[in-house]
Trainee: 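Questions regarding the structure given below will be posed in turn.
Sequence lines set the chain letters: A, B, ... in the order given, protein chains first and strands last, and positions in each chain run from 1.
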Amino acid sequence: MENEFSSIDKLLKLLKENKISVTEISKHFIDKIKKSEIKAFIHFNEDNILDNAKKLDDLKSKGTFKRIHGIPIGVKDLFCTKNIRTTAGSKILKNFIPTYESTVTSNLLNEGALFVGKTNLDEFAMGSSTTTSYFGSTINPCSKDKNKKLVAGGSSGGSAAAVSANLCLGATGTDTGGSIRQPASFCGVIGIKPTYGLCSRWGIIAFASSLDQAGVFSNNVKDASILLEIMAGYDNKDSTSANIKIPEYSKNLSSNIKGKKIGIPKEYDTENIPEDIKINWMNSKDYLQKNGAEIISISLPHTKFALPTYYILAPAEASSNLARYDGVKYGFRSKINDSLDAMYEVTRNEGFGAEVKRRILIGTYVLSAGYYEAYYLKAQKIRSLISNDFKEAFNKCDAILTPTSPSEAFPIGEKEDDPIKMYLNDIFTVPASLAGLPGISIPFGNSNNGLPLGIQIIGRHFDEQTILNISNNLEETI
Amino acid sequence: MKIDKNTTLKIARLARIKINNNEIADYSKQLSNIIDWVQQLNEVNTDQIEPLKKIVEIPATFKGDEPELKDYSQDILENAPEKIENYFVVPKVVE
């Protein structure tokens, strides 16, 4: 049966043929989650899952079968879920119970998703390791040595690890600078960050609003397509959500890439990438060429400025977004009651972790009087240049192929003493984020240590279909 | 660019985050390192460049300015650390 539990497509077929019930599915996954030691979930409630499974079985017996009826899904704990504790991995929200449901999770529930739990993440999605969570670190299920546990990547590390360990068949994530793609690469699963605006941000706890975007983790490209077409769509509660017709990604999925032009950006070929990652990247290129794609060399001249640009803009937006956590309206509140300011300051000191405070301080600094033009405005101008680089590249090619991350999964505790070292994890994913472009990480090849590696495919705005198709081709190759 | 201890305290005050005395030096050093690292953006001449205003080129959607007449006050107060009737409670701000 284990094989049937490995893909949404297969499980839906079994359900339709009445060979299995949602309750049976839920029991299988509850059992797996309870036995799991990777700490993928912050919140998991067995009784709730069984109740919801029974409701879905009842619906089905009355003749209603939805598009992902009874499919077990993990939800990153950054999506507000009605009456279910939502923490953003932070002490400051440790007891927050939303009174409403995010649009993306609503869309999934309306199509019959069975939520199995809220997955762990770096605090407020700020990190590349899922080690800054107030609730502890998630362990990468691909770790080979029990004494050297590896990070799952981040910030959506809990979702990536849960899908990788088959604790659910799909999971939601959010990606601001690589938070879906990098953990997908570390855990050997598919992770897609769609175009900025494809999915509504309503009800997602905000980090950097001009970059945040919801996306999907899955074990295969078909499943990612099914989940994405359900999650996506215009929402009048998010003025940046795109009012477009969402394509039927799963129906249109094809592995035909004949004549597709795939660009290889020369600036990504830096001396800092380990040899095995470089060779793997070139292998993926060779496969695609052999399968009919046309490979061309392209240039994205401002690539090296993407990361410092991001680390001005994202903290600036975060400092503004996180101003709302003041101990008054919701969340943790310090006992210090001397004055309103003292209460604010101590609440925020005790409620936020070190990385979040660092980013709020950087953001406050770059937005403060006298520095705004030198930092924030400068970064927005360079963001224009980066966006233009991609526009010009997409005049020549249909998609861009890069490694997802400059490293394999690293041991828990590493890179933590040096914030900039940690930031470098996102060097290949941040440029597409700044330009609002869709990107997917697909497992391809292994490192010299036998750990999974990911290949990133970046597409034009709203051309998720092309990157899904190329991924599908690569998936069939492996 | 060196961020000295006074600047760190000033930023922390603006951000309403209390920093303990034993943390000031560490924060100053980390913030200085990050600011030094982002200075590389000065290598790029941006004199004639407009800041990015629109991330994707799709027209914005207009919606009617129609109030929704549901009373959400109980929902909004639901998670308040301290409340009385329909109000959030904060430390006293007037003498």
Trainee: Taking NZ, NE, NH1 and NH2 as the nitrogens, is one of them in A:K391 or B:E57 under 4.0 Å from a carboxylate oxygen of the other?
Mentor: yes
Trainee: Under the salt bridge (Lys or Arg N to Asp or Glu O under 4.0 Å) rule, what do B:E43 and A:K304 come out as? Steps first, then yes or no, please.
Mentor: CA-CA 11 Å; B:E43 291 170 32; A:K304 81 172 244 213; 3.1 Å; yes
Trainee: Considering only NZ, NE, NH1 and NH2 on the basic side and carboxylate oxygens on the acidic side, decide whether A:E350 and B:K18 come within less than 4.0 Å.
Mentor: no
Trainee: Who in residues 87-94 of chain B is close to chain A, using a strict under-4.5 Å heavy-atom cut-off?
Mentor: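 So the qualifying residues are B:F88, B:V89, B:V90, B:P91, B:V93.
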Trainee: Please report the closest heavy-atom contact between B:Q40 and A:F305, naming both atoms and the distance.
Mentor: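 It is O-CE2, 3.5 Å.
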Trainee: Is it the backbone or the side chain of A:I97 that comes under 4.5 Å from a heavy atom of chain B, or both, or neither?
Mentor: both
Trainee: Where does B:T8 contact chain A at under 4.5 Å (heavy atoms): side chain, backbone, both or neither?
Mentor: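 Neither the backbone nor the side chain of B:T8 comes within 4.5 Å of chain A.
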Trainee: Checking heavy atoms, do the side chain of A:S319, its backbone, both or neither come under 4.5 Å from chain B?
Mentor: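 Neither the backbone nor the side chain of A:S319 comes within 4.5 Å of chain B.
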Trainee: Using a 4.5 Å cut-off on heavy atoms from C-beta on, say whether the side chain of B:L52 contacts that of A:K381.
Mentor: no
Trainee: Can you tell me how far apart CH2 (B:W37) and CG (A:L307) are? Round to the nearest 0.5 Å.
Mentor: 4.0 Å
Trainee: Taking heavy atoms only and a threshold strictly under 4.5 Å, list by residue number the residues of residues 58-66 of chain B that touch chain A; give 'none' if the list is empty.
Mentor: B:I58, B:T61, B:K63
Trainee: Hey, what do you get for CE (A:M343) to CD (B:E82), rounding to the nearest 0.5 Å?
Mentor: 9.0 Å
Trainee: Which one of B:E50, B:K83, B:E78 has the most heavy-atom pairs closer than 4.5 Å to chain A?
Mentor: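 Option with the top pair count is B:E50.
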Trainee: Decide, yes or no, whether a salt bridge links A:D341 with B:R16 under the criterion of side-chain N to carboxylate O below 4.0 Å.
Mentor: yes
Trainee: Can you tell me how far apart OG (A:S368) and CG (B:L14) are? Round to the nearest 0.5 Å.
Mentor: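 If I round to the nearest 0.5 Å, the distance is 6.5 Å.
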Trainee: Quick check: does any side chain N or O of A:R383 sit under 3.5 Å from a backbone N or O of B:K53, one acting as donor and the other as acceptor?
Mentor: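 No; judged by distance alone, with no hydrogens or angles, the pair does not exist.
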Trainee: Would the number of heavy atoms belonging to other residues, nucleotides or ligands and lying under 6.0 Å from NZ of B:K10 be above 12?
Mentor: no
Trainee: Is it true that atom NZ of B:K29 has more than 12 heavy atoms of other residues, nucleotides or ligands lying nearer than 6.0 Å?
Mentor: no
Trainee: Quick one: which of A:L437, A:L385, A:L361 has the most heavy-atom pairs under 4.5 Å with chain B, could you say?
Mentor: A:L361
Trainee: With a 4.5 angstrom heavy-atom cut-off, is it the side chain or the backbone of A:A435 that approaches chain B, or both, or neither?
Mentor: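 Only the backbone of A:A435 comes within 4.5 Å of chain B.
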Trainee: Nearest 0.5 Å please: distance from the OH atom of A:Y196 over to the CD1 atom of B:I55.
Mentor: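 Here the interatomic distance stands at 4.5 Å.
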Trainee: Can you tell me how far CG of A:N349 sits from CD1 of B:I17, rounded to the nearest 0.5 angstrom?
Mentor: 7.5 Å
Trainee: Quick check: closest heavy atoms across A:S384 and B:P51, and the distance to 0.1 Å?
Mentor: OG-C, 3.3 Å
Trainee: Do you know which two heavy atoms are closest between B:P81 and A:G331, and how far apart they sit?
Mentor: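 Minimum heavy-atom separation between B:P81 and A:G331: CG-O, 3.4 Å.
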Trainee: Heavy-atom pairs under 4.5 Å with chain B - which of A:L434, A:T347, A:N337 has more of them than the others?
Mentor: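 Among the listed options, the one with the most contacts to chain B is A:N337.
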Trainee: Would you compute the distance between atom OH of A:Y365 and atom CD1 of B:I3 and round it to the nearest 0.5 angstrom?
Mentor: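 Going from the OH atom of A:Y365 to the CD1 atom of B:I3 covers 4.5 Å.
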Trainee: So which residue, B:I19, B:V38, B:I76, ends up with the most heavy-atom pairs under 4.5 Å with chain A?
Mentor: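 Top option by heavy-atom pairs under 4.5 Å: B:V38.
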Trainee: A:F352, A:Y100, A:Y234, A:Y423: which one forms the most heavy-atom pairs within less than 4.5 Å of chain B?
Mentor: A:Y234
Trainee: Given the rule in the side-chain contact (heavy atoms from CB on, under 4.5 Å) test, do A:F462 and B:V56 qualify, once you have shown the distances and angles that lead to the verdict?
Mentor: CA-CA 9 Å; A:F462 303 108; B:V56 292; 4.1 Å; yes
Trainee: Show the numbers, then the answer: is there a side-chain contact (heavy atoms from CB on, under 4.5 Å) between B:I35 and A:V366?
Mentor: CA-CA 9 Å; B:I35 292 297; A:V366 300; 4.2 Å; yes
Trainee: If you tally heavy-atom pairs under 4.5 Å against chain A, which of B:V44, B:L77, B:N42, B:L41 wins?
Mentor: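 Top count of heavy-atom pairs under 4.5 Å with chain A: B:L41.
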Trainee: Go through the atoms of A:D418 and report whether side chain, backbone, both or neither lie under 4.5 Å from a heavy atom of chain B.
Mentor: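 Neither part; nothing is under 4.5 Å.
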